[in-house]
Amino acid sequence: MKIGAQLYTCNAHTQNLNDFELTLEKVSKIGYKSVQVSGTCPYEPEWLRDKLQQYGLICAMTHIAPTRIVNETEEVVKQHAIFGCKHIGIGGMPGEMRNTLEGYNEFKKMFLPVAKKMRDLGAKLLYHNHEFEFDKLAGKDVIERILEDFPEDSIDFTLDLGWAAYAGKDVVKLIKLLNGRLSRIHLKDWVDSPKDGSIPTDPYLRPIYEGKLDYDAYIDALSTAGCEYMLVEQDWCYDEDEFDCLKRSFDNVVRRFPNVK
């Protein structure tokens, strides 16, 4: 397994090409060798290929607009191939499809043929969860339904360990349930938000190993679940420097698991 940086963590620093390049340089200097490209400004695939090579990085996966995946499938796969990425994800259930069985069925109708087409083109669709995917819809949650409805070779889960824990799931059991479909996952840690309202989110996101989650157990479980890339994502860094948060996560994980860098 390798540790990578989800660039959404520092998306404020990727909104033009100059800043985007500086971000790639800074992430590389921390020690990361892989990134997830998400939440950035538009870029040409050749530009990204060249900048990744310049800073010794690979793109482990992306998140892009679901509408592009559906409507421009072949072009999306072709563009990703230019910068060496076969794993193309969506950040969650499209908003209008959330929280109802009817919405999930519309998602299945739209994305099942797309997932199969991407597979046939040599790519893989990835699904990233938040907490709401674990709410039951007629007795089964979204993750359970995708497991049943989508062939194993057509979709993987970018399991967000932090959101799964926030939803009350036993994360180690969930990792075992999704064994073989977790090639890329998100590391996210948190503590309970202060009751005084000083933190504007719940939960209060922290660098990995600075929260309350049991990452020793999680990473041990991932090591036998087919995981290739663990991508650090801290959606909110509040008044802290995003690159410092990414560095603390990197250092904390590599100190305990030196073989993952």
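Only this structure's heavy atoms are used, side chains among them; waters, hydrogens and symmetry mates stay out.
F150 is connected to L182 through a chain of hydrophobic side-chain contacts under 4.5 Å among Ile, Leu, Val, Met, Phe, Trp and Tyr, so both are in one cluster. When hydrophobic clusters are built by joining Ile, Leu, Val, Met, Phe, Trp and Tyr residues whose side-chain heavy atoms come closer than 4.5 Å, directly or via intermediates, I64 is grouped together with L125.
A salt bridge links R248 with E210: the distance from a Lys NZ or Arg NE/NH1/NH2 to an Asp or Glu carboxylate oxygen falls below 4.0 Å. Ion pair E228/R184 flagged as a salt bridge, since at least one NZ, NE, NH1 or NH2 atom sits closer than 4.0 Å to an Asp/Glu carboxylate oxygen.
Atom CG of residue N71 and atom CD of residue E75 lie 13.0 Å apart, to the nearest 0.5 angstrom. Between K261 atom NZ and I3 atom CD1 the span is 11.0 Å, to the nearest 0.5 Å. To the nearest 0.5 angstrom, L205 atom CG is 11.0 Å from E240 atom CD. Between L24 atom CG and L7 atom CG the span is 6.0 Å, to the nearest 0.5 Å. Between atom CH2 of residue W190 and atom CG of residue L161 there is a gap of 12.5 Å, rounded to the nearest 0.5 Å. Remark: T158 OG1 to I155 CD1 distance equals 9.0 Å, nearest 0.5 Å.
Two residues are said to be in side-chain contact when any heavy atoms from C-beta on lie closer than 4.5 Å; S28 and E25 fail this criterion. Counting only heavy atoms from C-beta outward, the side chains of V70 and T67 never approach each other to under 4.5 Å. Inter-residue side-chain proximity for V27 and V35 is flagged as met; some heavy-atom pair is nearer than 4.5 Å. For the pair L52/C59, a side-chain contact is recorded, criterion being any heavy-atom separation below 4.5 Å from C-beta on. Counting only heavy atoms from C-beta outward, the side chains of V232 and L246 approach each other to under 4.5 Å. Using a 4.5 Å heavy-atom threshold, the side chains of R255 and N252 count as touching. In this structure, V37 and Y43 have side chains that are in contact, with non-hydrogen atoms separated by less than 4.5 Å. M61 places none of its side-chain heavy atoms less than 4.5 Å from the side chain of I88.
Checked against a 6.0 Å centroid threshold, the rings of W47 and F20 count as neighbours.
By the neighbour-count criterion of 12 heavy atoms within 6.0 Å, atom OH of Y215 is densely surrounded, having more than that number from other residues, nucleotides or ligands. Enclosure of atom NZ in K51 by more than 12 non-hydrogen atoms of other residues, nucleotides or ligands within 6.0 angstrom is indicated. Atom NZ of K136 sits in a crowded spot, with more than 12 heavy atoms from other residues, nucleotides or ligands closer than 6.0 Å. Shown here is Q53, whose CD atom has more than 12 heavy atoms of other residues, nucleotides or ligands within 6.0 Å.
With a 6.0 Å cutoff to the six-membered ring centre and a 45° limit on the axis angle, R256 counts as a cation-pi contact of Y209. Judged by a 6.0 Å distance limit and a 45° cone about the ring axis, R206 is positioned over the six-membered ring of Y204.
At distances below 3.5 Å, not a single donor-acceptor pair connects side-chain atoms of N11 with backbone N or O atoms of T40. No donor-acceptor pair closer than 3.5 Å links the side chain of D189 to the backbone N or O of I208. Judged by distance alone, with hydrogens and angles left aside, the side-chain atoms of D19 form no donor-acceptor pair with the main-chain N or O of Q15 at under 3.5 Å. Checked by atom type and distance alone, the side chain of E44 never pairs as donor or acceptor with a backbone atom of E46 at under 3.5 Å.
Between C227 and the options N179, L178, L222, a side chain to side chain contact (heavy atoms under 4.5 Å, CB included) holds for only L222. Applying the ring pair (Phe, Tyr, Trp, His ring centres under 6.0 Å) test between Y32 and each of F250, Y55, F243 identifies F250 as the sole match. The only member of K124, H80, M118, Q36 that meets side chain to side chain contact (heavy atoms under 4.5 Å, CB included) when paired with H87 is K124.
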Donor-acceptor pairs under 3.5 Å, side chain of residues 101-116 to any protein atom, not counting sequence neighbours: which ones?
unit_1: Y104; atom_1: OH; unit_2: R145; atom_2: O; d: 3.2
unit_1: Y104; atom_1: OH; unit_2: D149; atom_2: OD2; d: 2.8
unit_1: N105; atom_1: ND2; unit_2: L101; atom_2: O; d: 3.4

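Partners of Y229 by ring-ring contact (aromatic ring centres under 6.0 Å, His included), not counting sequence neighbours: none found. Applying the salt bridge (Lys or Arg N to Asp or Glu O under 4.0 Å) rule to E72 yields the partners R68; only residues at least two apart in sequence or on another chain are considered.
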Start with the C-alpha distance between K140 and E148, add both sets of side-chain angles, then the distance that settles salt bridge (Lys or Arg N to Asp or Glu O under 4.0 Å), and finish with yes or no.
CA-CA 10 Å; K140 297 178 183 177; E148 289 184 0; 3.0 Å; yes

Give the intermediate values and the outcome of salt bridge (Lys or Arg N to Asp or Glu O under 4.0 Å) for residues R98 and E133.
CA-CA 8 Å; R98 297 181 180 184; E133 278 90 356; 6.0 Å; no

Apply side chain to side chain donor-acceptor pair (under 3.5 Å) to the pair T201 and Y238, showing each step before the final yes or no.
CA-CA 9 Å; T201 66; Y238 313 99; 2.6 Å; yes

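Ring orientation note: the planes of H130 and W163 are tilted relative to one another, at an angle of 30° to 60°.
The two residues A165 and L213 have their closest heavy-atom pair at CB-CD2, 3.8 Å. E242 and C10 get closest at one heavy-atom pair: CB-CB, 4.0 Å. Taking both residues in full, the closest heavy atoms of T9 and C237 are given as CG2-SG, 4.1 Å, listed atom of the first, atom of the second, then distance.
A side-chain N or O of H128 and one of H186 form a donor-acceptor pair less than 3.5 Å apart. Between the side chains of D202 and Y166, at least one donor-acceptor pair of N or O atoms lies under 3.5 Å.
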